[in-house]
**Student:** 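Handing you a structure now.
Basis for what follows: all heavy atoms, side chains included, without hydrogens, waters or symmetry-related copies. When a ligand or atom number is given, it counts from 1 through the structure's own listing order.
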Amino acid sequence: MLSGKHVLLIIGGGIAAFKSLDLIRRLREQGAKVTPVMTGAAQEFVTPLSVSALSGEKVFRDLFDLTDEAEMGHIELSRAADLIVVAPATADLMAKMATGLANDLGSTLLLATDKRVLIAPAMNVRMWEHAATQRNIATLSGDGILFVGPGNGEMACGEYGPGRMAEVPEIVAAINAALADGPMAGRHVIVTSGPTHEPIDPVRYIANRSSGAQGAAIARALSALGADVSFITGPASVPPPAGVRVIRVETAQEMQAAVEAALPADAFVGAAAVADWRIETPHTSKMKKTAKSAVPSLSFAENPDILAQVAGMAKGRPRLVVGFAAETDDVVAHATAKRSRKGCDWIVANDVSPSTGIMGGAENEVVLITQEGAESWPKMAKAEVASRLATRIAEALA
Ligand code: C5P
């Protein structure tokens, strides 16, 4: 049941738009309030009058409708609902969402929202199977967008295959699932991410090539499952995900302090590429090169091993501690040894040899090492690695 729930329904311009009329009725039967938004093309398929009559609400259509802005700005409109549903989600709307375009009311609401978004794609089979749409699907699922359908079947255009919008009962079920608390609701997870910068002097530092992409994707995926995420990140090159608590640090020691401050947690995911060593005593002023000066030598000290510390906590240890192992050879053997050396529950291991393009790239090929052994996952987008891992974490904590 959906009583007390508020759904913002964006109706895209496709033949399946007629099903959204029934969708509105079914949602209202379950007690939901439905605020409808129609794209220009949607109005060619169903009339705003029918949508307004069935929803019992004003239909929002135009970004530049000043009356609407005075009554309710588009930012407020995008946030007032509990869930945003796009049905039908056309190839065009999905492409806009994937690239962050905001050139009409629907796409602007989708970019401005801080709520979960569920889409019901509907398009011709060729359009669905096109590489561009498939890329957009991967991007959108990486962004935490929820999907329902499409189904296989006969289409209005006479072709057969995937692309048919999910049937209304299926969409209603997906809306119910999305509005129920996710499997990670009430769970606190700490995710470390990105590289650390270890200062040599006030302007120089030692760093590594970690982009923070995998850690950010994991935090986003955990948050999409309802987790409360503390995202502790070094100076990464990708932005942190929305909807998580972001704690920015520079050095390994700062990261360690931030982790201690964020504890207790149900799970700890150490995806950061923490520098193993720091400069023992960084210079307090910039080291100068003079004609007579010798080449400086740097003296190193060992950094705290954050993962090993969290895994070894005698009291208050997170129930699940997950580490990463970036290896360049003998991945499984080294990672298995690392799992026992660090005392963590799981190790997500990958081969970061430059030839794999994984470091800083969009894809990852990992082996999950658990107490049961090694599980090789096929090469997939980092976002997909993240959602699979988040699902496994949710199962482990259930
Ligand atoms: O020992 P190694 O750096 O290969 O281990 C990698 C794993 O340990 C990662 O999960 C990383 O976040 C974590 N780590 C850590 N603190 C360190 C070094 C590594 O938490 N000082």
Side-chain angles (χ1 to χ4, degrees), residues 189-199 205-219 221-222 229-236 238 240 247-263 265 267-280 300-313 317-318 320-353 356 358-360 364 366-370 374 377 382 385-386 389-390 392-393 396:
V189 185
I190 299 174
V191 178
T192 66
S193 184
T196 62
H197 285 183
E198 306 297 333
Y205 57 81
I206 292 178
N208 61 66
R209 294 185 195 281
S210 165
S211 64
Q214 187 64 80
I218 291 167
L222 288 164
V229 179
S230 295
F231 183 67
I232 302 174
T233 176
V238 304
I247 302 127
R248 293 177 202 271
V249 298
E250 287 236 336
T251 66
Q253 285 174 305
E254 286 170 14
M255 187 171 275
Q256 177 195 32
V259 168
E260 280 170 8
L263 283 164
F268 174 83
V269 180
V274 187
D276 291 315
W277 306 284
R278 65 175 182 276
I279 309 300
E280 197 167 24
F300 287 90
E302 200 168 326
N303 264 332
D305 190 321
I306 304 167
L307 176 65
Q309 266 179 16
V310 173
M313 284 170 69
R317 179 192 191 271
L320 186 70
V321 177
V322 183
F324 279 71
E327 305 287 350
T328 50
D329 54 279
D330 263 344
V331 174
V332 173
H334 282 134
T336 306
K338 188 167 291 179
R339 180 181 166 273
S340 46
R341 199 169 61 244
K342 300 242 184 187
C344 56
D345 303 296
W346 298 352
I347 284 274
V348 182
N350 57 8
D351 185 344
V352 292
S353 311
T356 64
I358 282 173
M359 208 100 173
N364 204 351
V366 307
V367 182
L368 179 66
I369 316 270
T370 68
W377 292 4
K382 284 183 175 170
V385 171
L389 188 66
R392 290 290 287 267
I393 292 173

**Student:** Looking only at atom types and distance, does a side-chain atom of S193 sit under 3.5 Å from a main-chain N or O of A272, one as donor and one as acceptor?
**Tutor:** no
**Student:** How long is the gap from NZ on K382 to CG on N350, to the nearest 0.5 Å?
**Tutor:** 8.0 Å
**Student:** Are the side chains of V259 and I232 in touch, meaning some heavy atoms are under 4.5 Å apart?
**Tutor:** yes
**Student:** Is any side-chain heavy atom of V322 less than 4.5 Å from a side-chain heavy atom of D345?
**Tutor:** no
**Student:** Go ahead and list the nitrogen or oxygen contacts between ligand 1 and the protein that come in under 3.5 Å, distances to 0.1 Å, or just say none.
**Tutor:**
from     : atom 1 : to   : atom 2 : distance (Å)
ligand 1 : 1 (O)  : K342 : NZ     : 2.9
ligand 1 : 4 (O)  : K338 : NZ     : 2.3
ligand 1 : 5 (O)  : K342 : NZ     : 3.0
ligand 1 : 8 (O)  : K342 : NZ     : 3.1
ligand 1 : 10 (O) : G270 : O      : 2.5
ligand 1 : 10 (O) : F324 : N      : 2.7
ligand 1 : 10 (O) : F324 : O      : 3.4
ligand 1 : 12 (O) : G270 : O      : 3.1
ligand 1 : 12 (O) : A272 : O      : 2.6
ligand 1 : 16 (N) : I306 : N      : 3.0
ligand 1 : 20 (O) : I306 : N      : 3.4
ligand 1 : 20 (O) : L307 : N      : 2.8
ligand 1 : 21 (N) : P304 : O      : 2.8

**Student:** So which atom in G270 and which in F324 form the shortest heavy-atom distance, rounded to 0.1 Å?
**Tutor:** O-CD1, 3.2 Å
**Student:** Below 4.5 Å, heavy atoms only, C-beta onward: do L368 and V366 meet side chain to side chain?
**Tutor:** no
